[in-house]
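Values reported hereafter were calculated over all heavy atoms of this structure, with side chains retained and with hydrogens, waters and symmetry mates removed. A note on names: the letters A, B, ... follow the listed sequences, proteins ahead of strands, and every chain is numbered from 1. None of these values were measured; they are calculated from a predicted model.
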There are 2 protein chains.
Amino acid sequence: MVTRDGRRRVTITDVASHARVSTTAVSKVLRNAYGVSEAMRAKVQAAIDELGYRPQAAARAMRGRTFTFGVVLPHIRNPFFADILDGFDEQIAGAGYQAIIVQGSGRDAEAEVSAIDALVDRQVDGILVVAAVVARARLEEMARNTPTVVLGRHDRSAVYDSVLDDDEAGAELAVEHLISLGHRRIAHITQKDVGAVRSVTLLHTIRARTYERVMAEHGLAEHIALAATAYTEEGGHQGTCELLARTPRPTAIFAGADQAAFGALAAIHEAGLAVPGDVSVVGYDNARAAALSHISLTSVDQDGIIMGKTAGRLLLERIEGRTTAVRFSVTPTLVTRRSSAPPA
Amino acid sequence: MVTRDGRRRVTITDVASHARVSTTAVSKVLRNAYGVSEAMRAKVQAAIDELGYRPQAAARAMRGRTFTFGVVLPHIRNPFFADILDGFDEQIAGAGYQAIIVQGSGRDAEAEVSAIDALVDRQVDGILVVAAVVARARLEEMARNTPTVVLGRHDRSAVYDSVLDDDEAGAELAVEHLISLGHRRIAHITQKDVGAVRSVTLLHTIRARTYERVMAEHGLAEHIALAATAYTEEGGHQGTCELLARTPRPTAIFAGADQAAFGALAAIHEAGLAVPGDVSVVGYDNARAAALSHISLTSVDQDGIIMGKTAGRLLLERIEGRTTAVRFSVTPTLVTRRSSAPPA
DNA sequence: GTGAAAGCGCTAACAT
DNA sequence: ATGTTAGCGCTTTCAC
C-alpha cells in the first residue's frame with residue numbers, strides 16, 4: 001500500500017524481513033498466539049517498534065478479527081448514552097478492542113438499519129445496539145452472524161444478549177413517589193412510536209404502560225393523561241404545552257426521560273407556573289444536569305456505566321465462545337430533588 | 001467468508017456468476033465506473049438486488065476506497081458536537097459515505113492519538129478531527145496520508161483543511177456585551193491545558209486571551225479573573241465556586257462554553273445568589289438548553305451544522321483531487337437572553 | 001464494452 | 001518452534 005506522500009505503509013512483510021523471520025512469526029507475536037519463543041518475541045517486537053508498524057484492520061478483517069466493536073446509537077445528543085459508552089469503552093479497552101460509533105440518525109428505523117449494515121460491512125467483531133427501534137427479526141439475523149448485545153429493549157431472544165433497566169420498576173418508583181406526595185392529576189410524557197417493531201418491547205412503552213397501570217391501581221384511571229412526543233428537550237416542551245392546556249391541568253408531570261423533563265421545566269416556566277409549587281416534575285435517567293442546583297430534578301437513576309460495562313463484557317464472552325443468550329437487568333432507584341413536592 | 005450460522009456471505013463472485021458476467025463488470029457497476037452498457041448495468045443491478053449483496057468494506061479497503069469517513073470527538077457528551085455531526089452526516093450521506101465516530105476519551109492527548117490511529121488502521125477515506133489537543137506534527141503526518149479536516153483549531157497548515165469559528169470575534173462579543181451593560185468585575189472560566197500542543201492555537205486559549213485583551217483595552221486589566229477548569233458542567237461549577245470566593249466577587253462570568261455556564265448557574269444558585277441580579281452569566285455555543293425558558297442563557301452562537309457540513313464538503317473535495325489547503329471560518333453572533341443584565 | 005488474472009496485507013493450515 | 005503457502009473479496013491493469 002502506497003501512501004499519498006509516496007512512502008509505503010509498513011506491512012507485516014517489512015517487519016518480517018527486518019527481523020529476518022517469517023510473517024507467520026510476526027503474526028503470532030501480534031496475536032499473542034501459541035508457539036513463539038521468548039527470543040523470537042523479543043526480536044519481532046523490536047522490529048515492530050523500530051519500524052512503527054501497525055497492523056491494518058482491513059487486511060485482518062479478511063481472515064480473522066478486527067478487534068473492533070461497533071456501537072449503534074440513535075443519536076449522540078442524549079448524555080445518558082455517553083455514560084453507557086464510557087462504561088463500554090473502559091471494559092473493552094483492556095482486551096485490546098476499539099469501539100466505533102455510528103449514528104442511527106434519530107428514531108427512524110430505516111436509518112438504523114443502514115447504520116447496522118455499515119457495521120456489518122466493516123466486519124466488526126461484535127455490535128452493541130442501543131435503544132433500537134428496528135424489527136426484532138432484523139436484530140436476530142444480525143446476531144446470528146455477529147455477537148450482538150441489545151441495550152434497552154425488553155424482548156427476549158435466544159440469539160442475542162440483552163442489557164436493560166427494569167423500566168417497570170423505575171416507572172413505578174416515579175409514579176408512586178408522586179402519588180405518595182398527594183398528587184392525583186399526574187400526566188406522562190412519552191415517545192411517539194415509529195418503525196414496525198412490536199412497540200411493547202420498547203422502553204418508552206413500558207414506562208408509559210406502567211404509568212397507566214399504577215395510576216389505575218390507585219384508582220386514578222380517570223386522571224391518566226398522556227402526551228406522546230419525543231425524549232428530547234423539544235418533545236418535553238411541546239408535550240407539556242399540550243398537557244398544561246387541559247382543564248383541569250395536571251399537578252405533576254412524569255417525563256419518560258430527563259431530556260424531556262428539561263423541556264417540561266421550560267414550558268412550565270413559560271406558562272408562568274412554578275416548579276414544584278404549581279406543577280411537580282419527575283424525570284428518568286438522572287442525567288448530570290438533573291443534579292445541578294438550579295434545576296434539581298427528581299429523577300430515576302439507572303446506572304449507565306454498569307450497563308455499558310456489562311455490554312462490553314458480554315461481547316467479550318461471546319468472542320470467547322459463549323453461545324447461550326444472557327439477559328442482564330439493572331435495578332433503578334429514585335433520586336428525590338426539589339422538583340417534586342406535595343401539590344398546593 | 002462463512003457466517004456463524006454456516007451460510008456464506010454473498011460476495012461479488014456470487015453476483016457475477018448469478019448474472020453470468022465477470023466480477024470486473026460487477027465492480028464497475030458498484031462504483032459507477034466508466035465503461036458499462038445500460039443492459040449490463042441493469043442485469044448486474046438485478047442480481048445484486050436479488051441476492052441482497054453488500055460489498056465488504058474490508059475487502060474494498062485492500063484495493064480502493066472504504067467509503068467511510070472517520071470522526072474523532074474528544075467525547076460525545078457535548079451537545080455542540082451533535083450539531084457538527086448532524087451537518088457532517090447530511091453532507092456526506094449524499095455522496096454514499098458513512099461516518100464512524102471514535103471517542104478521544106476526554107482531553108488526554110494520548111487517548112486522542114490512539115483514536116486517530118484506530119481510524120488510520122481502518123483505512124478510512126478521510127478524517128475529521130474535532131477540537132484536537134494532539135501535537136500539530138501528528139496531525140500533519142496523518143494528513144499527508146489521509147485527507148484531513150481539523151475543526152476548532154487555529155493553527156495554519158499546508159496539508160490539512162481547517163474549519164473554525166472566529167473565537168476571537170465571539171469572545172469579543174461576549175465580553176463587550178457585559179462591559180456595555182456596565183460590568184467591570186468580569187471573570188472568565190476556561191479550560192486547563194493538557195498535551196504538548198502549542199496552546200495558543202486551541203480555541204479555549206483564544207477565548208481566554210481575547211477576554212484578557214478586551215478587558216485591558218477597556219482599562220479593566222486589574223479585574224481580570226480566570227478560573228482554569230474544564231468545559232463541562234463540573235468544570236463550570238468548580239470554577240465558579242473559586243471565582244465567587246474572591247473578594248470582591250465578580251458581577252459577571254463569561255464561561256468559555258455553555259456546558260460550563262450551566263455549571264456556573266448551579267454554583268451561583270447554591271451560593272444563594274441570583275442570576276442576573278447578583279451575577280450575570282454568558283456562555284458560548286448556544287446549545288439548545290441555553291434557549292430553555294427557565295435557563296435563558298445569553299450565549300455566543302456558532303453554527304455547528306454549517307461547520308459540520310463544510311467539513312464534509314472539504315473531505316469530499318479532497319477525495320476528488322484538491323490538494324491545496326483550505327481554511328473556513330464561521331462568524332459568531334451574540335444571542336442575548338435573561339442571564340445577563342446590568343449590575344445591581 | 002467486457003473479462004482474465006494479479007495482488008492488496010494478513011491469518012491459518014500444513015509442512016518441516 | 002518456525003517457515004511455506006493458499007486464499008479471504010475486492011479493484012485494477014491489460015488483453016481482447
With sequence neighbours excluded, what pairs up with B:D125 under the salt bridge (charged side-chain N to carboxylate O under 4.0 Å, His left out) test?
-> none
Under the salt bridge (charged side-chain N to carboxylate O under 4.0 Å, His left out) test, which residues partner B:D86, sequence neighbours left out?
-> A:R77
What string of B, S and - do you get for nucleotides 10-16 of chain C, 5' to 3', when a contact is any protein heavy atom under 4.0 Å?
-> BBBB---
Can you give the donor-acceptor pairs under 3.5 Å from side chains of residues 37-49 of chain B to other protein atoms, not counting sequence neighbours?
unit_1	atom_1	unit_2	atom_2	d
B:S37	OG	B:M40	N	3.1
B:Q45	NE2	B:D49	OD1	3.1

Nearest to the side chain of B:Y34, which nucleotide is it out of D:dG3, C:dG1, C:dG3?
-> C:dG1
Taking CD from B:Q123 and C1' from C:dC8, how many angstroms apart are they, rounded to a whole number?
-> 9 Å
All side-chain contact (heavy atoms from CB on, under 4.5 Å) counterparts of B:A115, not counting sequence neighbours = B:V72, B:V102
Would you list the pairs meeting ring-ring contact (aromatic ring centres under 6.0 Å, His included) in which at least one residue belongs to residues 38-69 of chain B, sequence neighbours left out?
-> B:F67-B:Y97, B:F69-B:Y97
